[in-house]
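Single-structure report; data block below.
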Amino acid sequence: MSQPFIVGFGGTTRPGSSSEKLVRAGLAACEAHGAKVRLFDGAYLSTLPHYAPEDPQRTAAQTEFVEAIRQCDGLIIGTPAYHGGISGLVKNALDLLEDLRADARVYFDARPVGLMVSAAGWQGTGITLSALRDMVHAMRGWPTPIGVTVNSLAGPIFNDQGKIADPQVAATVTAQAEQVIRFSHAFRASPALSGQDLQRAS
Ligand SMILES: Cc1cc2nc3c(=O)[nH]c(=O)nc-3n(C[C@H](O)[C@H](O)[C@H](O)COP(=O)(O)O)c2cc1C
């Protein structure tokens, strides 16, 4: 099996962003399973201009991000819960991926997507994970059965080195990474069955 390429993006611009630490941990777990990985963190995402559908111009950062997603075999996306949904920073990055709409492998098609949410309360974790799953479905992606959620008010999750200290969260991140890697191999072993026009399917 050749090495899968897994892209992670998300987090916030806040130093010590917990959602970004989750994505880092997920990518590290994918790397441990033999993947090549690439992270687009909160600082990177904050350089992406506000997506404008009428403007075809792209910055170098926008192009680099879109190309990485185009090439990847699987993804991990991390967001905080902001007012009961995903953050604008992460949504802006998702909206930019409209550039993949005309691809043969449209948007996130045939790619597993591990989803991670950090919130200041249990309600925020659940509704934001559910909202993000709907978005990934809309973009033809395959959210992994295991989602990672943390409630930042429920106790220390990370240690001083930014690694996951909570054993249950660590086990969930590892299990999700395994699903991302296994499904990425499965999709690569099973090319599209027909010439069905996925861009028109709805
Ligand atoms: C603008 C804003 C809106 C937020 N809205 C919610 C919310 O609706 N529900 C919730 O549980 N937490 C909410 N939070 C708390 C964050 O989700 C929480 O602190 C999260 O862990 C921050 O992620 P980060 O560490 O990656 O920055 C909000 C925080 C901010 C700044």
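Computation of the quantities below employed the complete heavy-atom set of this structure, encompassing side-chain atoms and omitting hydrogens, waters and symmetry-equivalent molecules. Just so you know, ligand 1 is whichever comes first in the structure, and atom 1 is the first atom listed for that ligand.
By the 30° and 60° cut-offs, the orientation of the rings of Tyr44 relative to Phe40 is perpendicular.
In the candidate list Pro80, Gly88, Gly11, Pro80 is nearest to atom 22 (C) of ligand 1, counting heavy atoms.
The existence of a salt bridge linking Arg188 and Asp73 is confirmed by a sub-4.0 Å separation between a basic side-chain nitrogen and an acidic carboxylate oxygen. The existence of a salt bridge linking Arg38 and Glu64 is confirmed by a sub-4.0 Å separation between a basic side-chain nitrogen and an acidic carboxylate oxygen. Under 4.0 Å is where a charged nitrogen must lie from a carboxylate oxygen, and between Arg70 and Asp99 no such pair does.
Of the heavy atoms in Ser19, both backbone and side-chain atoms come closer than 4.0 Å to ligand 1. With a 4.0 Å heavy-atom cut-off, ligand 1 is reached by the side chain of Arg14 but not by its N, CA, C or O.
Expressed to the nearest 0.5 Å, how far CZ of Phe108 lies from CG of Leu75 amounts to 5.5 Å.
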- Between Ser19 and Ser118, is a side chain to side chain donor-acceptor pair (under 3.5 Å) present by the stated rule, with each step listed? CA-CA 5 Å; Ser19 49; Ser118 172; 5.6 Å; no

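Atoms of ligand 1 found under 4.0 Å from any heavy atom of Thr12 (numbered from 1 in listed order, with element): 24 (P), 26 (O), 27 (O). Numbered from 1 in the order shown, with element, the atoms of ligand 1 that lie under 4.0 Å from a heavy atom of Gly121 read 11 (O). Using a 4.0 Å cut-off to heavy atoms of Gly124, the atoms of ligand 1 that qualify are 11 (O).
Side chain of Arg133 to backbone of Pro143: no donor-acceptor contact under 3.5 angstrom is found.
In terms of polar-atom proximity, Gly84 is counted as a contact of ligand 1, with an N or O under 3.5 Å from an N or O of the ligand.
Pro112 places none of its side-chain heavy atoms less than 4.5 Å from the side chain of Gln179.
The nearest protein atom to atom 21 (O) of ligand 1, hydrogens excluded, is given as Ser118 OG, 2.7 Å; this is a heavy-atom distance. Residue, atom and distance of the protein heavy atom nearest to atom 14 (N) of ligand 1 are Ala81 O, 3.1 Å. Tyr82 CE1, 3.6 Å is the protein heavy atom nearest to atom 31 (C) of ligand 1. Of all protein heavy atoms, the one closest to atom 7 (C) of ligand 1 is His83 N, 3.6 Å. The single protein non-hydrogen atom nearest to atom 18 (C) of ligand 1 is Ala120 N, 3.8 Å, given as residue, atom name and distance.
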